[in-house]
Amino acid sequence: MLTPTEYLDALLALPGLGNTRFSRDGRWVAWTWSGAAPVADVYAAPTDGSAASVRLTAGTENTRLVDWTPDSRAVLVRQDHGGDERMRLFRVDLDQPLALTPLTEDRPNYFLRGGALHPNGRWLCYGANVDVASGREIEPTWVYRHDLATGERRVLARPEQACGAAPELSPDGAWILYHRADLHPAGRQVWLVDSEGREDRELLNFGADVKTYGSWLPDGRRVLVQSETKTHTRLGVYDVADGALRWLIDDPARNIEDAYAPENGSGQIVVAEVRAARIAASLLDPSTGAETPFLTVSGNLVPRAPVGGAWI
């Protein structure tokens with residue numbers, strides 16, 4: 001019989017799957033698989049179950065999934081050295097597994113946040129706490145547009161204080177959502193900047209010390225809003241075009257853990273909340289506010305994305 005310490009060590013040694021992302025065309029799912037090898041690596045598999053998973057990376061350093069390219073033909077991954085968190089971004093094409101194409105420099109003197117390829121295939125958007133003009137590491141994370149053809153890195157937004165959240169490129173590549181903590185270290189405000197860096201403005205602010213987060217809906221026009229109150233988290237949808245904000249769930253009796261819109265455009269928002277120490281999920285229509293409970297099970301079940309009339 002295992003001792004409590006041996007049992008805990010065995011549990012910690014179990015393989016884990018995380019960073020799950022679906023390609024925009026819905027045909028592939030990719031994830032980071034840790035614990036199955038000495039280091040974490042990235043895998044992908046067809047969502048219809050027609051073939052076994054494909055190992056996309058195999059190295060001596062932990063490699064983790066960042067995002068899919070807009071054309072659904074490749075993934076972006078990140079890798080550091082010995083856990084120093086000084087990330088380098090790579091591209092890995094589905095038809096060339098294990099071949100990592102570097103996109104950013106090796107062993108940077110800054111921390112890189114996120115990473116998304118623009119639909120034009122040329123611009124890479126990410127956050128980095130560096131002033132590239134001087135090469136000096138700084139405290140705040142600035143939003144960058146990196147031209148992969150010329151190497152030019154243009155600063156699109158300059159937050160004043162450290163925040164650490166990764167910027168998020170809209171599906172059409174026109175806008176970038178990011179977060180600031182300039183007003184209070186406990187708060188988060190949602191900001192919006194265009195991909196040319198001409199228009200940078202505050203989008204959502206419900207108080208200096210209030211944490212508010214935004215993420216794109218697949219239409220690239222609306223933003224899913226999660227904002228904390230003193231008693232609960234409320235969910236809403238903000239329309240970037242007309243500035244209208246509509247709260248869809250604002251109930252102190254509900255303990256919302258997470259909410260997201262599947263990458264492959266289901267038209268629904270997945271809401272995950274804690275009930276009796278378990279995760280219960282529902283589907284929320286962002287246009288009407290209609291909510292439908294998902295399948296109820298004895299454990300935890302969270303839908304990730306719809307495929308072929310069913311859900312993964």
Side-chain angles (χ1 to χ4, degrees), residues 20-22 24 26 67-68 70 114 116 119 125 143 157 163 165-181 187-195 199-275 279-294 302-306 311:
T20 307
R21 299 296 298 266
F22 289 80
R24 201 168 293 180
D67 200 2
W68 282 89
C125 297
V143 180
C163 183
E168 184 180 350
L169 184 68
S170 65
D172 61 4
W175 299 95
I176 300 169
L177 281 177
Y178 71 100
H179 299 84
R180 291 199 185 206
R188 294 291 184 274
Q189 290 76 44
V190 181
W191 282 64
L192 183 73
V193 63
D194 70 285
S195 57
E199 182 181 350
D200 182 22
R201 58 188 171 93
E202 185 181 75
L203 207 63
L204 298 162
N205 181 351
F206 302 107
D209 62 347
V210 175
K211 289 184 174 66
T212 301
Y213 300 96
S215 58
W216 290 110
L217 293 182
D219 60 16
R221 165 178 168 159
R222 294 176 296 173
V223 176
L224 172 61
V225 182
Q226 302 180 58
S227 186
E228 296 180 355
T229 72
K230 293 184 182 301
T231 58
H232 63 286
T233 296
R234 54 182 176 171
L235 298 181
V237 172
Y238 179 88
D239 194 307
V240 173
D242 60 20
L245 172 63
R246 208 158 44 91
W247 294 112
L248 302 180
I249 299 179
D250 190 356
D251 185 350
R254 299 184 64 173
N255 185 9
I256 295 175
E257 183 80 6
D258 194 14
Y260 54 88
E263 299 97 320
N264 59 345
S266 70
Q268 299 286 312
I269 295 169
V270 177
V271 180
E273 62 182 295
V274 178
R275 296 179 190 166
I279 298 295
S282 60
L283 302 180
L284 180 65
D285 189 313
S287 298
T288 67
E291 190 173 7
T292 306
F294 202 71
V302 179
R304 290 297 309 169
W311 280 80

Subject >> Side chain proximity check, L204 to S227, heavy atoms < 4.5 angstrom >> reply: no
**OP:** Ignoring hydrogens and angles, tell me if any N or O in the side chain of Q226 forms a donor-acceptor pair with the backbone of A259 under 3.5 Å.
**Re:** yes
**OP:** Could you tell me whether a side-chain N or O of S282 sits under 3.5 Å from a main-chain N or O of E291, the two making a donor and an acceptor?
**Re:** no
**OP:** Kindly compute the distance separating CG (L235) from CD (E273), expressed to the nearest 0.5 Å.
**Re:** 9.5 Å
**OP:** Measure the shortest side-chain to side-chain distance between V237 and I269 over non-hydrogen atoms and say whether it is less than 4.5 angstrom.
**Re:** yes
Subject >> Which atom of G220 lies closest to which atom of S170, heavy atoms considered >> reply: O-CB, 4.5 Å
Original post:
Counting only N and O atoms by type, is there a donor-acceptor contact under 3.5 Å from the side chain of R24 to the main-chain atoms of P171?
Top reply: yes
**OP:** Could you check if a side-chain atom of T212 sits within less than 4.5 angstrom of a side-chain atom of N205, using non-hydrogen atoms only?
**Re:** no
Original post:
Under 6.0 Å from the CD atom of E202, do we count more than 12 heavy atoms belonging to anything else shown?
Top reply: yes
**OP:** Could you grab the distance from atom CG of L217 to atom OH of Y238, nearest 0.5 Å is fine?
**Re:** 13.5 Å
Subject >> Donor-acceptor contact below 3.5 Å, side chain E263 vs main chain R21 >> reply: no
**OP:** State, with a plain yes or no, whether a side-chain heavy atom of W175 is found less than 4.5 Å away from one of D194.
**Re:** yes
Subject >> Min side-chain heavy-atom separation R254-T233 under 4.5 Å >> reply: no
Original post:
Which heavy atom of V223 sits nearest a heavy atom of G214, and at what distance?
Top reply: CG1-CA, 3.8 Å
Original post:
Taking atom CZ of R234 and atom CD1 of I256, what is their separation to the nearest 0.5 Å?
Top reply: 11.5 Å
Subject >> Whether R246 side chain and D239 backbone form a donor-acceptor pair below 3.5 Å >> reply: no
Original post:
Would you say the side-chain atoms of D200 pair up with the backbone N or O of A157, donor to acceptor, closer than 3.5 Å?
Top reply: no
Subject >> N/O donor-acceptor pair under 3.5 Å between Q189 side chain and Y213 backbone >> reply: no
**OP:** Please report the C-alpha distance between Q268 and D285 in whole Å, then the side-chain angles of each, then the deciding distance to 0.1 Å, and finally whether the side-chain contact (heavy atoms from CB on, under 4.5 Å) criterion is met.
**Re:** CA-CA 5 Å; Q268 299 286 312; D285 189 313; 4.0 Å; yes
Subject >> 4.5 Å side-chain heavy-atom contact, L192 and L177 >> reply: yes
**OP:** Hey, could you give me the NE2/CZ distance between H179 and R188, rounded to the nearest 0.5 Å?
**Re:** 9.0 Å
**OP:** Side-chain contact test, heavy atoms from C-beta onward, threshold under 4.5 Å: evaluate it for V190 versus V225 and give yes or no.
**Re:** no
Original post:
So, for A261 and L224, which heavy atoms are closest and what is the spacing to 0.1 Å?
Top reply: N-CD2, 4.4 Å
Original post:
Do you know the tightest heavy-atom contact between L248 and G289?
Top reply: CD2-CA, 4.0 Å
Original post:
With a 4.5 Å limit on heavy-atom distance, are the side chains of V270 and P262 in contact?
Top reply: yes
**OP:** Decide yes or no on side-chain contact (heavy atoms from CB on, under 4.5 Å) for V302 and Y260, but give the supporting numbers first.
**Re:** CA-CA 11 Å; V302 179; Y260 54 88; 3.1 Å; yes
**OP:** Any chance you could measure F294, atom CZ, to I279, atom CD1, to the nearest 0.5 Å?
**Re:** 14.0 Å
**OP:** Would you name the heavy atoms of T20 and R304 that are closest together and state the gap between them?
**Re:** O-NH2, 3.3 Å
